[in-house]
J.: 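Quick one: the structure is below, and I'll ask about it shortly.
Worth saying up front: this structure is predicted, and the values here are computed from it rather than measured.
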Amino acid sequence: MKVYYEQELREGSIFAVARKMMTAARTAPKAKGVDNLVIALLKRGGIVEVSDTLKTMARRDKLPDFFLRDAVNILSAQALVVFGTKILPVGLDHCGMCGFADCAEKNKHPNHPCVFNTGDLGIAMGSAASVAMDHRVDNRIMYTVGRAVLEMGILGEEVRIVYGMPLSASGKNPFMDRDNDALVKLAGQ
């Protein structure tokens, strides 16, 4: 008789949930139906590369210790879903919420995001996190990871805002109640 232990099936289960999370993010409501999101899944090798980039950035740019902490922390993940957005205006008349009079004026400042880009990204990540929760997959939204993914150019040149969501299934959520000092010390090795 062949027995299948949970440890043998865990990775496949997490990838199945990650795919559902990506679908939930894609189908989340978007302002005027304009979809500027880019969503990707990184497996073990990609997670290690993001971790290494985070460590390099933390040392090079003298970033706060939590960048090093997160660099080590994401190594506990079996998968990493990354969410990004292009910062193109959606063309709502009479908006001005970005600080400019209208989308034509905003377009003169291409590095300035449309507020709906960030709002849509947040709604999409919330939808994805709810799927993870429904399937009891531990996760955490991390902007530090997004900074590394952005520096690496993984989601393309047009994507200007990125967050990462590491996923894990273990006896304890490795992304909460973290021992910052121990993780930073590990990053220094």
J.: Contact between Asp138 and Pro174 at the side-chain level, heavy atoms closer than 4.5 Å - yes or no?
T.: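 Yes, close enough: below the 4.5 Å cut-off.
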J.: How long is the straight-line distance from CE of Met57 back to CE of Met152, given to the nearest 0.5 Å?
T.: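 Taking CE in Met152 and CE in Met57, the distance rounds to 10.5 Å.
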J.: Are any side-chain N or O atoms of Arg10 and backbone N or O atoms of Ala169, one a donor and one an acceptor, separated by less than 3.5 Å?
T.: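 Judged by distance alone, yes, a pair lies under 3.5 Å.
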J.: When you measure from the side chain of Asn36 to the backbone of Val34, do you find a donor-acceptor pair of N or O atoms at a distance under 3.5 Å?
T.: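 The answer is no, because no donor-acceptor pair under 3.5 Å joins these two groups.
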J.: Can you measure from NZ (Lys43) to CD1 (Ile14) and round to the nearest 0.5 angstrom?
T.: 12.0 Å
J.: Decide side-chain contact (heavy atoms from CB on, under 4.5 Å) for Val149 and Val159; before the verdict, give the C-alpha distance in whole Å, the side-chain angles of both, and the deciding distance to 0.1 Å.
T.: CA-CA 10 Å; Val149 168; Val159 173; over 6 Å; no
J.: With side-chain contact (heavy atoms from CB on, under 4.5 Å) as the criterion, how do Asn117 and Lys86 come out once you've worked through the C-alpha distance, each side chain's angles and the decisive distance to 0.1 Å?
T.: CA-CA 7 Å; Asn117 303 148; Lys86 301 170 188 172; over 6 Å; no
J.: Give a yes or no answer on whether the side chain of Ser51 reaches the backbone of Ala71 with a donor-acceptor pair at less than 3.5 Å.
T.: yes
J.: Please confirm whether the backbone N or O of Phe175 pairs with a side-chain atom of Arg140, one donor and one acceptor, at under 3.5 Å?
T.: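 Yes, Arg140 side chain to Phe175 backbone: donor-acceptor pair under 3.5 Å.
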J.: Tell me, do Leu68 and Lys55 make a side-chain contact under 4.5 Å, heavy atoms counted?
T.: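 Of all side-chain heavy-atom pairs linking Lys55 with Leu68, at least one is under 4.5 Å.
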J.: Going by heavy atoms in the side chains, are Leu167 and Met21 under 4.5 Å from each other?
T.: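 With C-beta onward as the side chain, the pair touches.
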J.: So, taking the atom named CG in Asn107 and the one named SG in Cys114, what distance separates them when rounded to the nearest 0.5 Å?
T.: 9.5 Å
J.: Is there a donor-acceptor pair closer than 3.5 Å between any side-chain N or O of Asp102 and the backbone N or O of Glu105?
T.: yes
J.: Looking at Lys62, I want to see if its NZ is surrounded by more than 12 non-hydrogen atoms of other residues, nucleotides or ligands under 6.0 Å.
T.: no
J.: According to side-chain contact (heavy atoms from CB on, under 4.5 Å), who are the partners of Cys95, at least two apart in sequence or on a separate chain?
T.: Leu92, Met97, Phe116
J.: Donor-acceptor pair, Arg136 side chain versus Asp134 backbone, under 3.5 Å?
T.: yes
J.: Can you confirm whether more than 12 heavy atoms, excluding those of Glu157, are under 6.0 Å from its CD atom?
T.: no
J.: Can you tell me how far apart CG (Leu155) and CZ (Phe83) are? Round to the nearest 0.5 Å.
T.: 10.5 Å
J.: Using modelled atom types only, decide if a donor and an acceptor are shared between the side chain of Lys32 and the backbone of Lys30 within a distance under 3.5 Å.
T.: no
J.: If a pair satisfies ring pair (Phe, Tyr, Trp, His ring centres under 6.0 Å) and one of its residues is in residues 119-166, list it, with sequence neighbours excluded.
T.: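 Qualifying pairs, neighbours excluded: Phe67-Tyr143.
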J.: I'd like to know if the side chain of Asp120 reaches the main chain of Ala31, judged simply by a donor and an acceptor atom lying under 3.5 Å from each other, with no hydrogens or angles considered.
T.: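 Checking the backbone N and O of Ala31 against the side chain of Asp120, a donor-acceptor pair under 3.5 Å is found.
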J.: Is the side chain of Lys106 donor-acceptor paired with the backbone N or O of His112 at a distance under 3.5 Å, no angle test?
T.: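 Yes: the side chain of Lys106 pairs with the backbone of His112.
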J.: Quick check: do Ile154 and Glu49 have side-chain heavy atoms less than 4.5 Å from each other?
T.: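 A side-chain contact is absent here, since even the closest heavy-atom pair is not under 4.5 Å.
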J.: How far apart are the closest heavy atoms of Ala28 and Ser127, and which atoms are they?
T.: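 The answer is CB-OG, 3.7 Å.
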J.: How would you list, by chain and number, every residue that makes a ring-ring contact (aromatic ring centres under 6.0 Å, His included) with Phe15, sequence neighbours excluded?
T.: none
J.: So does Asp35 pair up with Arg26, basic N to acidic O under 4.0 Å?
T.: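 Salt bridge flag = yes for Arg26 with Asp35.
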J.: Do Glu11 and Arg44 come close enough that some side-chain heavy atom pair is under 4.5 Å?
T.: no
